[in-house]
2 protein chains.
Amino acid sequence: MNDFNVLVVDDEKEIRDAIEIYLKNEGITVVQARDGIEALEKLDEQPIHLIVMDIMMPKLDGISTTFKIREQKNIPIIILSAKSEDTDKVLGLQIGADDYVTKPFNPLELIARVKSQLRRYITLGTYEGKRNFIDLNGLTLDKEAKEVAINGDSVKLTPIEYKIVELLMSYPGRVFSINDIYERVWKEPSYNAENTVAVHIRKIREKIEIDPKNPRYLKVVWGIGYKMEK
Amino acid sequence: MNDFNVLVVDDEKEIRDAIEIYLKNEGITVVQARDGIEALEKLDEQPIHLIVMDIMMPKLDGISTTFKIREQKNIPIIILSAKSEDTDKVLGLQIGADDYVTKPFNPLELIARVKSQLRRYITLGTYEGKRNFIDLNGLTLDKEAKEVAINGDSVKLTPIEYKIVELLMSYPGRVFSINDIYERVWKEPSYNAENTVAVHIRKIREKIEIDPKNPRYLKVVWGIGYKMEK
DNA sequence: AAAAATCTTAAGACTTTCTTAAGTTCCGCG
DNA sequence: CGCGGAACTTAAGAAAGTCTTAAGATTTTT
């Protein structure tokens, strides 16, 4: 269960954190949001493969949020709620949720359900909302095969190099600070990691650029970070 | 919700009939089976798009039956059980069930879950997203005969070897981490299984590759996993 | 009981990652 | 303009991690 991002939406920090700990343990990355509004923001910022969502929340509740998400994307949603009355379950499933877990819940059950849904997605081959193939002026990325090619010629990247390229290519033109890059690729807070990232950028340029000194694809934005040219 | 066949497996006639009435009302056709053995028979006789299965049954129980079915097909299975203990839920989901409903259940909830699963299938476009015969540059896989051949010459694989090959060949070009492979073939969380998988990969290469040291089909993607070349 | 299949261990080859340190470019300010 | 410092680039090698392979122990099947 690698490389999956799960968005956990709940107004209680303890619950979010608890779920995060369990999912991390399974190699799943967790992104947290406190309410529906925040959830929709996070959804725009990064690829999310599954959502665990509380129903009772301030601002925008779980049912409404599910509705809004369903208008755009087909990500699996697991509803989490204190209410255990049947009508709510039925409502949750009818509006397009894929599963339903009632509080208090056994963490193992939630994890099993999360994994069950994610497994289904692997089987399908594509996760919705995540494009599997990107082409930027001849530089191509195949997320399934984890393959990068330049004008059709496959480029051999190391795992870290690949992840950096995938991140940058997934959001063409968007600038990522060294810190952003570090945290998203290494999935841990960055500390003194400036050069580490820089070295990898160098290696990547060596492989994907015709003239690494005058990069055409992987550009620096002085004082801010790096980006992949659109 | 038309043209769907749902197999209801339970030893109590009243339950089977009750479910049938509700599902029929939704335009869904129901096929009944009294136990696991009968279920497997019905599965062979006609197209079934979803299974609702009790756990406690004579002859062949629900968990074992689910296991047997999963070896062959990828139909959605909803487990139905009197036990509501968490461990059973987790077990049910882990062995490959897609959902879990505890008795006594609200018929409306069961129907909602059935429809939710079926809806997913409609979305997918295919009932069974699995092709039965695959040919990748001369390496062929026949899922019905469980046979792998290279340029027509049948290759003798052990069960585990076969499952690994089937997994990889079913998604050509897609990279699977060792963990993914382990979890999907062994159907249990992987722990210290790195070498186990590696050894099987080795054996497979010995059998399907002309030059195992320079594999043409079963490739490694450094630091990430293995894949079958498209 | 023999044969086949699976798992474990471990060593060596190979690849990747990180660190350090030095070089270069860019930007603002006198 | 050109100087100084900050930001970025580059190189090289040590450390860490991954993959392959072999051999034998254990379990399962025949």
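For the numbers below, each heavy atom of this structure counts, side chains included, while hydrogens, waters and symmetry mates do not.
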K.L.:
Any side-chain N or O of A:H200 below 4.0 angstrom from OP1/OP2 of C:dC18?
P.N.:
yes
K.L.:
With a 4.0 Å limit, can you tell me whether B:W186 has a side-chain N or O closer than that to the phosphate oxygens OP1/OP2 of C:dT6?
P.N.:
no
K.L.:
With nearest nucleotide decided by heavy atoms, which residue, A:R202 or A:I224, maps closer to the 5′ end of DNA chain D?
P.N.:
A:I224
K.L.:
Quick check: are there more than 12 heavy atoms from other residues, nucleotides or ligands sitting under 6.0 Å from CZ of A:R34?
P.N.:
no
K.L.:
Under 4.0 Å, heavy atoms only, any strand: does B:I201 hit a base, just the sugar-phosphate, or nothing?
P.N.:
nothing
K.L.:
Please determine whether a side-chain nitrogen or oxygen atom of A:K163 lies at a distance below 4.0 Å from atom OP1 or OP2 of C:dT17.
P.N.:
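No, no such contact exists.
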K.L.:
Mind checking if A:K203 touches a base, just sugar-phosphate, or nothing, with heavy atoms under 4.0 Å?
P.N.:
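Contact class for A:K203: none.
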K.L.:
Within the structure, does a side-chain N or O atom of B:T196 lie under 4.0 Å from either OP1 or OP2 of C:dT6?
P.N.:
no
K.L.:
What nucleotide among C:dT17, C:dA5, C:dT15 has an atom nearest to a side-chain atom of A:K156?
P.N.:
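That would be C:dT15.
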K.L.:
Could you pull out the closest heavy-atom pair between A:A145 and B:K227, with the gap in Å?
P.N.:
O-NZ, 3.9 Å
K.L.:
Please work out if B:Y226 contacts a base, only the sugar-phosphate, or nothing of the nucleic acid, heavy-atom cut-off 4.0 Å.
P.N.:
sugar-phosphate
K.L.:
Going 5' to 3' along DNA chain D, between which two nucleotides do contacts with chain B fall, using a heavy-atom cut-off of 4.0 Å?
P.N.:
D:dG17 to D:dA22
